[in-house]
Amino acid sequence: MRCVIARFPFDLTKGGVLESMKGVKPEPITGESVIIGRRQYPAKQVGQIITGQDRRDFSAGEVIRAMAKLGFTCVEAAAPAPAGAVDGSVSAEGYEGLR
């Protein structure tokens, strides 16, 4: 499949991406990610490896679009938890200052 990442055209295949990512250790995920094989990789890491470009030259969205078209599962960035909530819930103590 032909796609454009950072204004450069690339001919990517699912098999080619799988081969490129073979043996690559996933970095910690802080935003969008792609599941390749049994591992989940940050989108920027995948983009850097498959294109050879610097991560500053492309967006995670460009990589996500290309990987989704190739049939990979893509995961969007998780929404941040509300301030003061550790497990995603807000305790009653958090509301005392509102009275």
Side-chain angles (χ1 to χ4, degrees):
M1 176 195 84
R2 189 166 187 86
C3 66
V4 176
I5 299 176
R7 299 180 315 273
F8 290 98
F10 292 94
D11 288 315
L12 300 175
T13 64
K14 189 167 187 172
V17 172
L18 288 167
E19 186 64 33
S20 295
M21 298 304 293
K22 188 184 295 185
V24 176
K25 182 180 175 188
E27 296 173 357
I29 296 170
T30 58
E32 293 92 347
S33 60
V34 182
I35 298 173
I36 300 175
R38 291 182 278 163
R39 295 182 173 184
Q40 188 170 355
Y41 296 90
K44 289 275 199 163
Q45 181 183 15
V46 174
Q48 181 181 21
I49 291 170
I50 64 173
T51 67
Q53 294 179 325
D54 189 284
R55 295 178 190 202
R56 296 172 291 186
D57 294 339
F58 56 86
S59 70
E62 290 176 288
V63 177
I64 293 293
R65 280 189 296 278
M67 296 299 102
K69 285 182 181 178
L70 287 173
F72 291 102
T73 301
C74 300
V75 182
E76 292 188 24
V86 176
D87 64 354
S89 63
V90 179
S91 66
E93 293 92 33
Y95 288 106
E96 286 184 24
L98 298 175
R99 293 182 194 175

Residue pair Ile50, Met67: steps toward the side chain to side chain contact (heavy atoms under 4.5 Å, CB included) verdict: CA-CA 11 Å; Ile50 64 173; Met67 296 299 102; 3.5 Å; yes
Gap between atom NZ of Lys69 and atom CZ of Arg2 - 0.5 Å precision: 12.5 Å
Path from Met1 to Val4 over hydrophobic side-chain contacts below 4.5 Å: no
Inter-residue atom distance Ile64.CD1 - Ser33.OG, 0.5 Å rounding: 6.5 Å
Minimal non-hydrogen separation, Pro42 against Pro28, with atom names: CG-O, 3.6 Å
Rounded distance [0.5 Å steps], OH in Tyr41 versus CD1 in Ile29: 10.0 Å
Which atom of Ile5 lies closest to which atom of Phe58, heavy atoms considered: CG2-CB, 3.6 Å
Nearest non-hydrogen partners of Val63 and Gly47, listed with the distance: CG2-CA, 3.7 Å
Whether over 12 other heavy atoms sit under 6.0 Å from Gln40 CD: yes
Cluster check Val24, Leu18: I/L/V/M/F/W/Y, side chain < 4.5 angstrom: yes
Pairs touching residues 27-54 that satisfy salt bridge (Lys or Arg N to Asp or Glu O under 4.0 Å), sequence neighbours left out: Glu27-Arg55, Asp54-Arg56
Student check: side-chain heavy atoms of Thr51 and Phe8 closer than 4.5 Å: no
Closest contact, heavy atoms only, Leu12 versus Leu70: O-CD2, 3.7 Å
Straight-line distance of Ser20 OG to Ile49 CD1, nearest 0.5 Å: 8.0 Å
Shortest non-hydrogen contact between Glu62 and Ser59, atoms and distance: OE1-N, 2.8 Å
Contact summary for Lys14 and Gly71, nearest pair of heavy atoms: NZ-O, 3.6 Å
Verdict with supporting geometry, Phe10 and Gln53, side chain to side chain contact (heavy atoms under 4.5 Å, CB included): CA-CA 12 Å; Phe10 292 94; Gln53 294 179 325; 4.0 Å; yes
